[in-house]
2 protein chains.
Amino acid sequence: MARTGRPRIFDRDEAVVQAMLLFWEQGFEATSLLQLRAVMGDISAASFYAAFESKEALYKEAVERYMNTFGRVTKSFSDLALSPKEAIETTLRSTAKMQTDSAHPSGCLIVLSATTCSSKNNHIRDIAAEKRKLTRNRLQDCIRRAVDTGELPASTDIHMLTTVFDTFMQGISTQARDGVPFETIDQAITKFMEIWNLVRHSA
Amino acid sequence: MARTGRPRIFDRDEAVVQAMLLFWEQGFEATSLLQLRAVMGDISAASFYAAFESKEALYKEAVERYMNTFGRVTKSFSDLALSPKEAIETTLRSTAKMQTDSAHPSGCLIVLSATTCSSKNNHIRDIAAEKRKLTRNRLQDCIRRAVDTGELPASTDIHMLTTVFDTFMQGISTQARDGVPFETIDQAITKFMEIWNLVRHSA
DNA sequence: TTAATTATATACTAATCGATCCATAAATCA
DNA sequence: TGATTTATGGATCGATTAGTATATAATTAA
């Protein structure tokens, strides 16, 4: 059952991807409708608003698309086939690798695209902030699992340790934006992960 | 010898501070001239452009002001009265304390206010990026000093270790923006700093 | 063939953007 | 006093912002 009406001249799915890349590079507020429509296939304003409700609605779609593609690098947090330590280390290395890939904007869209914005757009900031919270929760679950299975001592301060790893992970975005190469970040991760063994033997 | 001409009706110095706070909160592009003029004492457009050359020039002044006030928390990197480890630990704790102070915007202006911007404004991004580079260099000098004095082994990878601490420090900005309280970050710093001893005994 | 549906192109809106012009006010200097 | 200097208020600039109105084109369903 094909849908009725005049067919869309552009690929909506591909348009979302291109919009995502632009939001990733420039952030929400710095990206204009004119720029968006250009990269989305030189579509008209009418076509844009017919296919997407608003700039904000498109941003939400772009964020979701990011989470389901590039943002998947943090999925290892929830990989029960890995030990918690392996899960975190894998996530950090995948994150660094992805964020320094020159095939797309550097850093993380969720961390960079809307951390600052005008007061009237605080609800925009919340869109990405919510995703950061979700990721942090999965990191925390991963650490909790390590405590539950005895890999880390029962005395471990889960909240504190989550902050240690979350802080480092978010810092990778700025490092990547500033051009620090993957190899350097990767070596830094190797050193950073040694914290795990310290926690392990701090009972 | 008082200067000639009609006296300025607003406090230029205080106006820069208020502009700095607004750039800090909202970022460069999200902050409009209208908002700036409002917080700078409800000054007119003519007064603004007479006292400051442009929005960009004001931003540069605001960045300098930040570096000479709130940004001073990283000065400990260069405090030779402290051991390198103390210098870094002091800087991290001061940074966390400052960035979570509710008396002003959270996080770091240098990290947050211009990491993303429209393509035409890439030179704006460079203003803050240059400051991040300077801070990183002072952190690196601090670590180099530890190697030179023998506090860290001669085999230490200074570049890598600088990345470890710089990444964590920059991550504090997003943590602060997301409302993580000082106490939590402070405890995370305690755990994070244990890396130092690992490097010390990794010869 | 006609109706219904959907997307299109084009023109346009009101608001805001950073920045400028100009006449005038308020100070010092001679 | 009168000349010089600087800052002011207020109007305005062209460009750009996100978003809309309208008429038409292109498809499917009946």
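Labels below follow one simple rule: chain letters A, B, ... track the order of the sequence lines, proteins then strands, and each chain is numbered from 1.
Partners of B:Asp186 according to the side chain to side chain donor-acceptor pair (under 3.5 Å) rule, which considers only residues two or more places apart in sequence or in another chain, are B:Arg93. When the side chain to side chain donor-acceptor pair (under 3.5 Å) test is applied to B:Thr31, the partners found at least two apart in sequence or on another chain are B:Gln26. Residues satisfying the side chain to side chain donor-acceptor pair (under 3.5 Å) criterion with A:Gln187, sequence neighbours excluded, are absent altogether. A search for side-chain contact (heavy atoms from CB on, under 4.5 Å) contacts involving A:Asp101 returns A:Ala103, A:His104, not counting sequence neighbours. For B:Asp141, the side chain to side chain donor-acceptor pair (under 3.5 Å) criterion is met by B:Arg144, not counting sequence neighbours.
Spacing between atom CD1 of A:Ile9 and atom C1' of D:dT24 amounts to 14 Å, rounded to whole angstrom units. For A:Met40 and C:dA7, the CE to P distance is 14 Å, given to the nearest whole Å. Rounded to whole Å, atom P of C:dT6 lies 14 Å from atom CZ of A:Arg12. Atom pair A:Ile43:CD1 and D:dA25:P shows a separation of 21 Å (rounding to whole Å applied).
The local environment of CD in A:Glu14 is crowded, with over 12 non-hydrogen atoms from other residues, nucleotides or ligands closer than 6.0 Å.
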Per-nucleotide protein contact string for nucleotides 17-22 of chain C, where B marks a base within reach and S marks sugar-phosphate only (heavy atoms under 4.0 Å, - for neither): SSBBB-
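Within 4.0 Å (heavy atoms only), B:Phe10 reaches sugar-phosphate atoms of the nucleic acid but no base atom.
For D:dT5, the OP1/OP2 oxygens have no side-chain nitrogen or oxygen of B:Thr4 closer than 4.0 Å. Between B:Arg6 and the phosphate of C:dT28, there is no side-chain N or O to OP1/OP2 separation shorter than 4.0 Å. For the pair A:Ser47 and C:dA7, the criterion of a side-chain N or O lying under 4.0 Å from OP1 or OP2 is not met. Between A:Arg8 and the phosphate of C:dA7, there is a side-chain N or O to OP1/OP2 separation shorter than 4.0 Å.
When each of B:Pro7 and A:Pro7 is assigned the nucleotide of DNA chain C bearing its nearest heavy atom, the one mapping closer to the 5' terminus is A:Pro7.
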Identify all pairs in which a protein N or O lies below 3.5 Å from an N or O of nucleotides 13-15 of chain D, and state each distance.
none

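Taking the six-membered ring for Trp and thresholds of 30 and 60 degrees, B:Phe168 and B:Phe192 have nearly parallel ring planes, at less than 30 degrees apart.
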Can I get a per-line list of side-chain donor-acceptor pairs under 3.5 Å for residues 75-84 of chain A, giving both atom names and the distance, sequence neighbours left out?
residue: A:Ser78; atom: OG; partner: A:Arg138; partner atom: NH1; Å: 3.0
residue: A:Asp79; atom: OD1; partner: A:Ala81; partner atom: N; Å: 2.9
residue: A:Ser83; atom: OG; partner: A:Glu86; partner atom: N; Å: 3.1
residue: A:Ser83; atom: OG; partner: A:Glu86; partner atom: OE1; Å: 3.4

Scan the side chains in residues 175-182 of chain B for donor-acceptor partners under 3.5 Å anywhere in the protein, sequence neighbours excluded, and list what turns up.
residue: B:Gln175; atom: OE1; partner: A:Arg136; partner atom: NH1; Å: 2.8
residue: B:Gln175; atom: NE2; partner: A:Asp166; partner atom: OD2; Å: 2.9
residue: B:Gln175; atom: NE2; partner: A:Gln170; partner atom: OE1; Å: 2.9
residue: B:Arg177; atom: NE; partner: B:Ser106; partner atom: O; Å: 3.0
residue: B:Arg177; atom: NE; partner: B:Ser106; partner atom: OG; Å: 3.2
residue: B:Arg177; atom: NH1; partner: A:Thr115; partner atom: O; Å: 3.4
residue: B:Arg177; atom: NH1; partner: B:Glu25; partner atom: O; Å: 3.2
residue: B:Arg177; atom: NH2; partner: B:Trp24; partner atom: O; Å: 3.0
residue: B:Arg177; atom: NH2; partner: B:Ser106; partner atom: O; Å: 3.0
residue: B:Asp178; atom: OD1; partner: A:Arg132; partner atom: NE; Å: 3.3
residue: B:Asp178; atom: OD1; partner: A:Arg132; partner atom: NH2; Å: 2.8
residue: B:Asp178; atom: OD2; partner: A:Arg132; partner atom: NE; Å: 2.8

